[in-house]
Amino acid sequence: MYPKLIIDLKKLENNLNAVAEITKDRGHCSLMIVTKGLCADKEMVKMVAENPNVDFIADSRVKNIASFADTARAAGKKTVLLRIPMHCEAAEVVKYVDLSFNSELSTIGLLNEEAEKAGIVHDIVLMIDLGDLREGIFFEREDLIRQAVSEILKMKNIRLYGIGVNLTCYGAIIPKYDNLSKLVEIGRKIEEEFGIELQMISGGNSSSIYLIDKGEMPEGINNLRLGEAFLLGNDTAYETKLPGTTGDGLILQAQIIELKEKPSLPIGEVGVDAFGQKPYYEDRGMMKRAIIGIGKQDTDLDSMTPRDSQIEIMGGSSDHIILDVTHCDREYKVGDIVEFELGYGGMLKTATSPYVEKEYRK
Ligand SMILES: *Cc1c(COP(=O)(O)O)cnc(C)c1O
């Protein structure tokens with residue numbers, strides 16, 4: 001059945017080993033593999049759990065972690081929750097997550113209560129915001145960082161495992177030697193002032209890995225969290241391909257449901273499209289238009305690239321995507337399959353859509 005997402009586990013494993021070589025061998029960091037981009041696909045997680053290079057398996061959703069906690073733990077990998085928890089999920093976090101990222105004392109307090117009930121100690125990473133302006137205590141407020149650490153250390157069922165930063169997500173701020181060394185400095189200050197040892201100084205996501213080969217990763221950063229670098233082979237700071245990786249470990253296939261010659265300009269008064277947007281059309285005269293059976297409900301039109309470079313994506317609606325196949329050497333017909341490589345947004349949506357089948361290559 002189509003649409004179908006082909007998940008090539010061999011290629012993903014090859015990507016994993018390539019990023020591990022950079023992160024661990026050359027960067028001396030532990031490796032946290034992030035599964036959310038592929039909606040914590042079970043087969044992918046199994047491969048990740050079995051790979052000896054992987055130290056932690058992380059996701060942003062407790063539901064995803066609940067689905068793989070047994071697999072990960074059985075393979076000796078810690079589960080990590082990346083999105084700071086909601087109050088309402090504290091009990092679930094303590095149950096399925098070995099290490100959670102946090103920035104709010106009220107939430108950490110709830111985790112402490114739940115951990116006490118469960119008779120365990122829950123590890124946390126305290127998030128510091130270095131200017132990307134998503135989660136974390138703002139780095140200039142050392143008073144607030146000190147106060148948070150002091151409160152956390154009073155909680156009997158919480159252990160401060162480390163500190164971390166997230167960049168290039170909201171503010172699109174690129175990790176550099178300068179901002180990441182601030183994180184290391186904050187870590188050292190906490191250790192000195194409170195006489196504790198932090199196990200982890202987590203230096204970011206797939207946008208931080210490029211620093212290793214440039215020799216600009218500050219000493220002291222000892223963990224990276226990699227999703228897109230592993231799944232698509234991307235360095236997300238400067239949008240380059242990481243050495244030894246491929247971007248075709250995931251391929252989206254869709255079937256042509258209509259193929260007709262029609263004009264390129266719609267006829268009649270132009271209103272708004274299915275999503276309330278005013279469309280723009282270019283007059284290309286008569287053209288060969290193919291419709292495929294997949295839409296905005298299942299993928300992101302701006303985050304998919306036809307493998308046949310002569311195809312152009314014209315647009316789409318919830319359930320249809322229209323392709324310009326006028327200039328294709330291949331003579332497409334109804335029933336044919338069109339293939340796409342995916343970007344992050346396209347991958348995320350196809351992996352999440354229940355309408356997209358999955359097929360594995362090993
Ligand atoms: C999503 C996420 C990651 C992984 O990001 P990639 O760009 O896919 O590597 C790492 N850390 C946090 C906090 C995240 O939310």
Side-chain angles (χ1 to χ4, degrees), residues 4-24 29-83 85 89 92-101 122-123 125 200 202 205-206 209 223-234 236 242 245-252 298 342-362:
K4 193 193 280 178
L5 181 63
I6 310 273
I7 301 174
D8 191 322
L9 295 165
K10 263 257 124 18
K11 286 188 175 171
L12 293 184
E13 180 152 41
N14 174 63
N15 283 359
L16 198 166
N17 290 330
V19 298
E21 208 257 317
I22 304 171
T23 306
K24 301 190 73 145
C29 285
S30 64
L31 178 60
M32 193 182 288
I33 286 291
V34 179
T35 57
K36 69 190 187 201
L38 206 52
C39 204
D41 173 80
K42 269 201 158 47
E43 295 296 319
M44 178 268 292
V45 167
K46 210 156 60 165
M47 179 274 284
V48 169
E50 283 165 7
N51 189 298
N53 284 321
V54 178
D55 303 299
F56 303 85
I57 308 183
D59 204 287
S60 50
R61 310 262 171 164
V62 179
K63 240 186 187 167
N64 285 353
I65 296 174
S67 78
F68 67 64
D70 287 346
T71 309
R73 286 167 172 170
K77 322 278 165 157
K78 283 190 176 174
T79 62
V80 181
L81 178 64
L82 297 171
R83 183 172 68 188
E89 59 190 359
E92 301 242 291
V93 170
V94 163
K95 185 168 176 200
Y96 296 113
V97 174
D98 300 319
L99 173 66
S100 65
F101 285 19
H122 181 76
D123 285 337
V125 161
M200 180 180 281
S202 185
N205 55 43
S206 298
I209 190 171
N223 170 265
L224 289 185
R225 316 179 301 267
L226 304 179
E228 185 165 348
F230 148 60
L231 292 165
L232 298 171
N234 294 335
T236 57
L242 291 163
T245 65
T246 57
D248 63 353
L250 302 166
I251 294 293
L252 174 65
D298 316 292
L342 297 168
Y344 195 84
M347 166 178 71
L348 187 68
K349 283 190 102 176
T350 53
T352 310
S353 171
Y355 302 100
V356 179
E357 299 278 321
K358 286 178 183 169
E359 186 182 303
Y360 299 93
R361 305 238 164 103
K362 300 194 186 191

(message) The test is side chain to side chain contact (heavy atoms under 4.5 Å, CB included); show your working for R61 and R83 and say whether it passes.
(response) CA-CA 7 Å; R61 310 262 171 164; R83 183 172 68 188; 4.2 Å; yes
(message) I'd like to know if the side chain of S353 reaches the main chain of D298, judged simply by a donor and an acceptor atom lying under 3.5 Å from each other, with no hydrogens or angles considered.
(response) no
(request) Report yes if the side chains of Y344 and N234 come closer than 4.5 Å at any heavy-atom pair, otherwise no. (result) no
(message) When you measure from the side chain of S206 to the backbone of A229, do you find a donor-acceptor pair of N or O atoms at a distance under 3.5 Å?
(response) yes
(request) Please examine the side chains of K358 and M44, heavy atoms only from C-beta on, and report whether any two atoms are closer than 4.5 Å. (result) no
(request) Determine whether E43 and K362 make a side-chain contact, defined as any pair of heavy atoms from C-beta on separated by less than 4.5 Å. (result) yes
(request) Specify the closest pair of heavy atoms between A69 and Y96, including all atoms of both residues, with the distance to one decimal. (result) CB-O, 3.8 Å
(message) What's the separation between atom CE in M32 and atom CG in L226, rounded to the nearest 0.5 Å?
(response) 10.0 Å
(request) Please report the closest heavy-atom contact between A75 and A49, naming both atoms and the distance. (result) CB-O, 3.4 Å
(message) Looking at every non-hydrogen atom in both residues, tell me the closest pair between L9 and M47 and how far apart they are.
(response) O-CE, 4.0 Å
(message) Please find the pair of heavy atoms, one from V62 and one from E92, that lie closest to each other, and give the distance.
(response) CG1-CB, 3.8 Å
(message) What I'd like to find out is whether the side chain of R361 reaches to under 4.5 Å of the side chain of K10, using heavy atoms alone.
(response) no
(request) Look only at the side chain of S100 and the backbone of V125, and say whether a donor-acceptor pair between them is shorter than 3.5 Å. (result) no
(request) May I ask you to test the D41-L5 pair for a side-chain heavy-atom distance under 4.5 Å? (result) no
(message) Let me confirm one number: the NZ-OG1 distance from K36 to T352, rounded to the nearest 0.5 Å.
(response) 12.0 Å
(message) Once rounded to the nearest 0.5 Å, what's the spacing between atom CD1 of I251 and atom NZ of K11?
(response) 7.0 Å
(request) Measure the shortest side-chain to side-chain distance between F56 and N223 over non-hydrogen atoms and say whether it is less than 4.5 angstrom. (result) yes
(message) Tell me the closest heavy-atom pair linking I33 and L16, and the distance in Å.
(response) CD1-CG, 4.1 Å
(request) For the residue pair N53 and V19, establish whether any side-chain heavy-atom pair is separated by less than 4.5 Å. (result) no
(message) With side chain to side chain contact (heavy atoms under 4.5 Å, CB included) as the criterion, how do L231 and N15 come out once you've worked through the C-alpha distance, each side chain's angles and the decisive distance to 0.1 Å?
(response) CA-CA 7 Å; L231 292 165; N15 283 359; over 6 Å; no
(message) I'd like to know if the side chain of T23 reaches the main chain of A20, judged simply by a donor and an acceptor atom lying under 3.5 Å from each other, with no hydrogens or angles considered.
(response) no
(request) Decide yes or no for F101 and V80: does some side-chain heavy atom of the first lie under 4.5 Å from some side-chain heavy atom of the second? (result) yes
(request) Assess whether atom NZ of K78 is packed by more than 12 heavy atoms of other residues, nucleotides or ligands within 6.0 Å. (result) yes
(message) One pair to check against side chain to side chain contact (heavy atoms under 4.5 Å, CB included): N205 and V34. What are the steps and the verdict?
(response) CA-CA 9 Å; N205 55 43; V34 179; over 6 Å; no
(request) Calculate, to the nearest 0.5 Å, the distance between atoms NZ and OG belonging to K24 and S30 respectively. (result) 7.0 Å
(message) Rounded at 0.5 Å granularity, tell me how far CZ in R225 sits from CD1 in I209.
(response) 13.0 Å
(message) I need the minimum non-hydrogen distance between K77 and D98, along with the two atoms involved.
(response) O-OD2, 4.2 Å
(request) Please round to the nearest 0.5 Å and tell me the distance separating atom CD1 of I57 and atom CD1 of I65. (result) 10.0 Å
